[in-house]
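Below, read A as the first sequence line, B as the second, and so on, with proteins coming before strands; counting in each chain starts at 1. Everything quoted here is computed from the prediction, not taken from an experiment.
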Amino acid sequence: MLKVRDLVTQFRVDDHTVYAVDGISFDVQERQLVGLVGESGSGKSVTALSILNLLAHNGRVVSGDIEWQGNSLRNRSQKEWTQILGREIGMIFQNPQASLNPVFTIGDQMIETIRLHTKCNKAEASEKAISLLRQVNLADPELRMNDYPHQLSGGMCQRVMIAMTLSMSPRLLIADEPTGALDVTIQAQIVRLLASLNESLGMSVLLISHDLGVINQFCDYVYIMYLGKIVEEGPPKLIFESPQHPYTQALLAAVPSVHSNHTYSGMVVSGEIPSPINLPTGCRFHPRCPFAMDRCTLAVPELYPVGDGKAACFLVESSN
Amino acid sequence: MKPLQLFWRNWQNRVAVYFLAVVMVISAGSKFIAAIDPNYFDPAHIYPVAPNAHHWLGTDDMGRDILFRLIAGAQVSFSIAIMAVGISIGVGVILGLIAGYWGGWIDACLMRIVDFLMAIPTIFLILVIQSILNPNIVTVMVVIGLTSWMDVCRMVRAEVMSIKERPFVLAAQARGIRGLRLILVHIFPHTLSPVIVAATLGLGGAILTESVISFLGLGVQPPYASWGNMLENSLAYMNDAPWMILSPGIMITMTVLVLNVIGDGLRASLNPKENYVKSS
Amino acid sequence: MKLAPGDPASFLMDPQMKPEAREQFRRDWGLDEPIPLQYAKWLNQAVNGNLGYSLISHQPVSDAIADRLPATLLLMGVSFALILIISLPLGVWSGAKKGSVFDRITMLTSFVGFSIPTFWLGLVLILIFSVKLNWLPTSGMQDPMLTDAALPQKIADIAKHMVLPVLTIVIGGLAGLTRYHRFGTIQVLSQEYILAARARGIPEWRILYIHALKNAALPLITIMGIQLPALVGGSFVIESIFGWPGLGQLGISAVFARDYPILMGILMMSSMLIVVGNLAADFCYAKVDPRIRTRI
Ligand SMILES: Nc1ncnc2c1ncn2[C@@H]1O[C@H](COP(=O)(O)OP(=O)(O)O)[C@@H](O)[C@H]1O
Ligand SMILES: [Mg+2]
């Protein structure tokens, strides 16, 4: 359904080029829940915004293809985009409280969105909004309609955002770290809500997170991203049970529940993610990789197939 | 990149600095050239003469050369602006540091005083004070300075209140550094960049204020020339000698414009983050 | 912030006062009444109260001020309204099109407008439109020949006299507000809720004129309050240049005549005008911004 091929997105800052996304390819099929995981700064949000043509002014999709239902999304007119955004592909963001306009009530914002996409009067829209809020398990939806965003908790705001997106019944929902700013218990609730909507409505979901722990059981397929490249992909079983790329292993080690009974517990990624202005040569992970070889500093590894998945590491290539 | 490099990369900033430098050098240098006498007049021509080969910008109602008076006036206007800004920055910074650092009732009192002074139309207050005093260059400097420190004070206070909670200040306090030393060595330097910007913009403001009060006859007094008092009689000669109005006003506008460009350029290069809008 | 204490009573009251006493105090001082009413009462007090007599005309100061106030309020009200109406769309549009030709021209013009001495601008406008072109009257508010004319004719006459002073004040005041407004728009447009609204397919004009405008307009209310003193001070000089028979002209002539009772009266009056303006700004802000409204 969504097919991204060799997507390259860059930003200009003063005289520098930021190589935020550097040739990534992935697919989201009908009814699938796909995970995209990587540390902060690896280019996940930029990927999502590139797909929806919502990049900041200094950013540009330089090359690659983004195909939606068989048609390219690149070079669409502003008018076509208003048809696609929300109705075909919806998106929710990391900080739900900041995603709602502080000077309008929840009701105002929901009704606006509903009336934008379906012909109906205010009362009908309001009714629909309340039923949607109920669908996302928000308590007292009638009362919440008159509240302002600052009167709601982060979790409640995220439910409102999800309800608002549902009102347009998109075929695909991109959820960019929907739980990043929330408490741990709320995080699980929101992810479960997304999974159940994926199940019940058949809406595809691209779930973005920096935390492998958030992704786990619900996904159909997982992509691991590092510094603008996909370094490993596969079904969650493979990623969680036999991760191939050292970066995936390190991400796993950081998940507390998996940590205790796993062989990767000793692996911790040291240091910071390098700046995408001065990218390391060769494999981007080599400066922080405990298994780095001379070769890794020189050549960029491709994605080599392993089992049901793929991994971009020379260790995988040699073991095949 | 260093702030000054960033500043200098912008052509508008460069043009502004060059313009200011030229005006300052000419007005300072003119003192040593005897031919440039702003007060010389030909007793046979005590009326405005239109611009001609002899008087490039014409003469005023006393027959004095306007170009020469502009050059001499630059010196007076700049000296007043610099001294006035010095006073207002000095008072504003000191009171702002005190209010921000000690807080409590000192802060409350100072802020009420600031609120009170801000509620008076400054120009009018200045005019009233000047009418009581015997207006001259020194009173103009002092009065402008003492009526324009409130913004700086508020700004410095706000800066200090946020800086004093920052880790490096807390660390210095933990090492037993207190009082004046803490303020001067550890807090004050961090308020400098907004103060520099405010000072640059303040120079423009002071030149404007000086021009108004001198235009009304309560500022710089003859025989001294200032850009403001050159306009004093221009209203009466509007029909016969429009050149008397145009050149001083254009000079003021250009100079203030240039100072505002520099101030804005400094602000942009001292906090480059303000210009970088992140998307997510 | 200034919002916290809320009303002038808190300046005068002992913070230790019991709530009942506080109420009593407010009632005694008439502070429990709505702000416009309070202001009207204050005006009444000032008009009836003893502010002394002019040293020159021997007229009661309150009478002299009351005579001049309407002209000043008219001039400032019209100028203020125009400044708001023009700066708002100008600032929003150039903020939305940051870096475009339109934005550059607006910014350059506003920089120049910011730097022109307002009184000199007034002189130049008189020079062009009254002296050279002879289109508009040089000074005053009404043509003495028309004192007995019909009302519409009189209004047209006043309007004609107002054009130049209003133009001068508006050009002088426009630059600052447009810049603030542009900056506010740029900031608001970089917020996440704007991105989220775009992601919902909300058309660009709604984003700009509904989602962003309300947010960007909020700080403007306070800034209007902050700019008020400069505008009031500026319009004093403008009044005296254009011979506009308002408080400013009265004040400036009193400065030269050293008519201190008048001066004190006007200082008080204009400060009050500014304080009331600021209170009104805070009041509006609290009314409009839900984040503050719920805190009160
Ligand atoms: N508007 C922008 N201008 C310049 N650099 C940007 C911009 N937006 C994002 N970046 C950079 O792109 C990189 C990827 O960012 P992002 O996609 O937000 O990471 P994340 O994986 O945490 O979502 C980061 O290094 C970030 O600094
Ligand atoms: Mg992100």
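Other residues, nucleotides and ligands place no more than 12 heavy atoms under 6.0 Å from the NZ atom of C:K97. Atom CZ of C:F256 is surrounded by more than 12 heavy atoms from other residues, nucleotides or ligands within 6.0 Å. More than 12 heavy atoms of other residues, nucleotides or ligands sit less than 6.0 Å from atom CZ of B:R14. Around atom CE of B:M254, no more than 12 heavy atoms belonging to other residues, nucleotides or ligands sit under 6.0 Å away. With a 6.0 Å radius and a threshold of 12 heavy atoms from other residues, nucleotides or ligands, B:F78 has its CZ atom above the threshold. In the displayed structure, B:Y224 atom OH is contacted under 6.0 Å by at most 12 heavy atoms of other residues, nucleotides or ligands.
Between the side chain of C:R258 and the main chain of B:S131, a donor-acceptor pair closer than 3.5 Å is present. Formation of a donor-acceptor pair under 3.5 Å by the C:W120 side chain with backbone atoms of B:I245 is found in this model.
Heavy atoms only, all atoms of each residue included: C:L263 and B:F124 are closest at CD2-CZ, 3.7 Å. The minimum heavy-atom distance between B:L208 and C:I116, with the atom names listed, is CD2-C, 4.2 Å. Here the closest non-hydrogen pair linking C:S240 and B:L216 is OG-CD2, 4.3 Å.
The distance from atom CG of C:L267 to atom CG of B:L127, rounded to the nearest 0.5 Å, is 10.0 Å. Atoms CE and CG, on B:M244 and C:L127 in that order, are 12.0 Å from each other to the nearest 0.5 Å.
Heavy atoms of C:F114 lying under 4.5 Å from chain B belong to its backbone as well as its side chain. Interface remark: C:F119 contributes side-chain atoms only to the contact with chain B (heavy atom separation under 4.5 Å). In this structure, chain C has a heavy atom under 4.5 Å from the backbone of B:M118, while its side chain stays farther away. If you measure heavy-atom distances from C:V237 to chain B, the contacts under 4.5 Å come from the side chain alone. For B:I132, the parts lying near chain C are the backbone and the side chain together; criterion is any non-hydrogen pair under 4.5 Å.
In terms of the side-chain hydrogen bond (donor to acceptor under 3.5 Å, both in side chains) criterion, B:S211 has no residue partners (sequence neighbours excluded).
Comparing B:I126, B:T209, B:L125, B:V212 by heavy-atom pairs within less than 4.5 Å of chain C, the highest count is held by B:V212. Looking only at heavy-atom pairs under 4.5 Å with chain C, the residue among B:V128, B:T255, B:L246 that has the most is B:L246. Each of B:I123, B:I207, B:L259, B:I250 has some count of heavy-atom pairs under 4.5 Å with chain C, and the biggest count is that of B:I250.
Side-chain contact between C:R179 and B:D264 is present, with at least one heavy-atom pair separated by less than 4.5 Å. Contact annotation: the side chain of B:F116 never approaches that of C:V275 to less than 4.5 Å [non-hydrogen atoms, C-beta and beyond].
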